[in-house]
Amino acid sequence: MIESTHSSREREQVRAVRESGRTTVLVIGAGINGIATFRDLALQGVDVLLVERGDFASGASSASSHMIHGGIRYLENGEFRLVRESVQERNGLLKIAPHYVKPLQTTIPIYSTFSGILSAPLRFLTHRSGKPQERGAFLIKVGLTIYDTFSRDGGVVPRHRFLGRRRSLAELPSLDPGIKYTATYYDASMHDPERLALDVLQDGRAAHPGAIALNYVEAAGRSGDGVLLRDLESGTEFTVSADVVVNASGPWTDLTNEALGEDTRFMGGTKGSHIVLDHPELLDATGGREIFFEHSDGRIVLIYPLKGRVLVGTTDIDADPRENPVCTDEEIDYFFELIHHVFPSIPVSRDQIVYTFSGIRPLPRHEDTAPGFVSRDYRIEVDKAGRVPLVSLVGGKWTTFRALGESLSDVVLGLIGRTRSVSTVGRAIGGGEGFPRTARARHSWVEQNLSGAGERAERLLTRYGTRAAQVWGFIQDGDDAPLAGGDLSTRELAWMIEHEHAVRLQDVVLRRTSLAFTGDVDIDVLTELADAMAPLLGWDAARRDAELEGARTLLNDRHGLELPALPSHLEG
């Protein structure tokens with residue numbers, strides 16, 4: 001355990017919670033769905049405590065494909081309710097979170113006209129199949145037509161279009177010349193999922209003084225009418241009583257229930273891995289689009305440009321939530337085969353990989369159902385057997401977090417005898433409030449709110465949305481110096497600690513910034529950031545060294561980096 005000597009606002013909140021020992025609703029798990037529920041309850045004026053054993057959005061929520069999508073392939077599972085809700089929520093997020101959620105042009109390469117027609121009904125009815133087959137143009141056309149009917153919402157995104165081989169290759173000349181057609185439609189990208197989650201969290205905090213969120217605090221067990229919590233920074237343990245306990249810990253829901261003394265078998269998550277490539281030729285070949293299709297083995301494949309890099313995923317493999325998921329060499333080989341399948345003339349190599357990540361999807365237990373056919377929908381389980389109702393969330397995905405948070409909140413409100421007073425439909429999220437949507441509006445907003453920021457203005461607006469105005473005011477209110485090659489600065493780092501509750505070095509490089517994702521982290525950057533964080537958080541030399549080694553080990557073991565051991569001359 002890393003011991004902490006700092007006394008930041010976050011730890012002051014821990015002490016306040018420990019001394020109070022009471023809240024109305026305790027939510028365990030600060031992934032996006034726990035955070036959305038926290039925000040929704042806070043908006044109703046409910047005292048709610050959110051605890052997370054790691055950093056906010058550091059589990060399954062940090063390992064997504066960075067997409068907000070309706071889930072066209074869920075149609076084959078017969079999950080029409082989920083697709084309709086997902087498309088509606090996608091369209092809603094394009095409006096309420098435009099700083100992080102952007103329209104994403106998506107192209108499907110198609111190799112046949114009628115492939116899959118005989119197997120598709122069998123898959124639809126049984127969720128099992130024999131040998132997988134790639135979908136032909138006919139099936140994809142049917143699916144996209146249905147998809148478009150769910151997308152009719154004021155023209156938020158254009159309808160799909162089909163092209164033959166000649167026109168397809170004219171638009172994307174590096175595609176496999178063996179294709180027969182391409183289908184192009186729109187979903188949405190989410191370029192900073194962790195920051196979007198943080199924005200939702202900040203909205204919840206601001207909505208009600210009784211809404212408190214704590215990272216690095218785990219639910220360790222039951223104690224009478226309360227839940228035993230452990231602060232992983234200080235090691236202190238304390239009990240908090242609540243009228244309702246919500247378990248929103250995603251893939252770890254059964255393990256959390258076990259710690260609370262309940263035996264459940266709700267979850268059956270699968271592992272999804274991704275790689276990030278620094279590959280200008282491949283980046284150019286995508287034409288700014290996501291390339292999306294179902295491979296011949298039945299797995300979904302995506303290749304798309306993000307932050308000047310190319311993201312490639314994903315896998316769908318049964319996983320044990322007790323083990324840390326990692327992207328394996330076998331999965332990397334598989335991704336390279338996929339790239340060659342789509343762009344056969346573009347070579348790729350391992351030295352172009354700058355980052356890998358892997359997470360466990362919070363899917364329901366699925367016995368012998370093939371992983372790709374496990375429902376992506378969610379359900380809410382309520383156990384009233386004990387003195388305090390225990391509500392467990394089973395499933396859920398990024399796209400539907402707002403609707404899910406509202407549904408889960410409604411269940412909780414019913415249990416505590418309260419009624420809804422505020423809806424989150426159409427309610428702007430954080431820095432999406434007043435976000436400039438055109439180049440002219442963007443220029444005007446920057447002139448009015450980020451005067452003097454110069455080249456930093458664009459980066460600040462991209463990172464924070466319209467919250468950038470507050471951040472820039474904070475930066476100007478003290479001495480500032482560049483960090484991490486200019487991606488960050490000392491005052492912005494202080495903002496992340498004071499207002500975004502970054503507690504550890506890994507919080508900054510993995511979730512408050514994109515430094516790790518884009519491959520811009522090395523030992524020198526880690527050392528520079530650790531040295532800057534130390535006085536802000538009261539770290540002594542031992543804690544600073546522990547942070548450096550912890551971040552280095554995490555990046556190497558979980559994210560495919562090969563950072564060397566810290567040179568002795570850099571040690572504290």
Looking at Arg512 and Asp55, is there a salt bridge between them, counting it only when a charged N and a carboxylate O are closer than 4.0 Å?
yes
| message | If only side-chain N and O atoms count, and only distance matters, is there a donor-acceptor pair under 3.5 Å linking Ser514 with Lys307? | response | yes
_So Val51 and Val27, do their side chains get closer than 4.5 Å, heavy atoms only?_
no
Test: Arg15 and Asp231 ion pair at under 4.0 Å:
no
Rounded to the nearest 0.5 Å, the CD atom of Gln506 sits from the CZ atom of Arg552 at a distance of 14.0 Å
Value for CD (Glu562) from CG (Asn556), rounded to nearest 0.5 Å, stands at 7.5 Å
- prompt: Is the shortest side-chain N to carboxylate O distance from Arg322 to Glu258 below 4.0 Å?
  reply: yes
Asn257 versus Asp263: any side-chain heavy-atom pair under 4.5 Å? no
Taken to the nearest 0.5 Å, the spacing of Ile303 CD1 from Phe292 CZ works out to 12.0 Å
Discussion item. Checking Thr270 against Asp318: is there a side-chain donor and acceptor pair closer than 3.5 Å?
Written reply: no
Separation between CD1 (Ile429) and CD1 (Ile96), nearest 0.5 Å, reads 4.0 Å
Q) Hey, are Arg420 and Asp40 close enough for a salt bridge, meaning a charged N less than 4.0 Å from a carboxylate O? A) yes
Open item on the list: Ignoring hydrogens and geometry beyond distance, is a side-chain donor-acceptor pair present between Glu406 and Ser409 at under 3.5 Å?
Closed with: no
Q) When you check the side-chain N and O atoms of His66 and Asp192, is any donor under 3.5 Å from an acceptor? A) no
query: Taking 4.0 angstrom as the limit, do Asp254 and Arg265 come out as a salt bridge?
result: no
Residues at least two apart in sequence or cross-chain that pass side-chain contact (heavy atoms from CB on, under 4.5 Å) with Asn33, listed by chain then number, are Leu393, Phe401, Leu404
Separation between CD (Glu500) and CG (Asn215), nearest 0.5 Å, reads 11.5 Å
(request) Assign the ring pair Phe357 / His274 to parallel, tilted or perpendicular, where the plane angle (0 to 90°) is split at 30° and 60°. (result) parallel
Taken to the nearest 0.5 Å, the spacing of Leu50 CG from Thr37 OG1 works out to 9.0 Å
| field | No-hydrogen, no-angle side-chain donor-acceptor test under 3.5 Å, Thr315 and Glu331 | value | yes
Residues passing the side-chain contact (heavy atoms from CB on, under 4.5 Å) test with Glu218, sequence neighbours excluded, are Arg53, Arg230, Leu232
task: Classify the side-chain pair Tyr216/Asp507 by whether it contains a donor and acceptor separated by less than 3.5 Å.
output: yes
Scanning both residues in full, the closest heavy-atom pair of Asn247 with Thr253 reads ND2-O, 2.9 Å
Worksheet item: Any salt bridge between Arg222 and Glu262, counting N to O under 4.0 Å?
Response: yes
For Glu89, the side chain to side chain donor-acceptor pair (under 3.5 Å) test, sequence neighbours excluded, returns Arg402
Taking every heavy atom of Phe56 against every heavy atom of His501, the minimum-distance pair comes out as CE1-CB, 4.2 Å
- Message: Looking only at side-chain N and O atoms, does Asp47 offer a donor or acceptor that is under 3.5 Å from a partner on His208?
- Response: yes
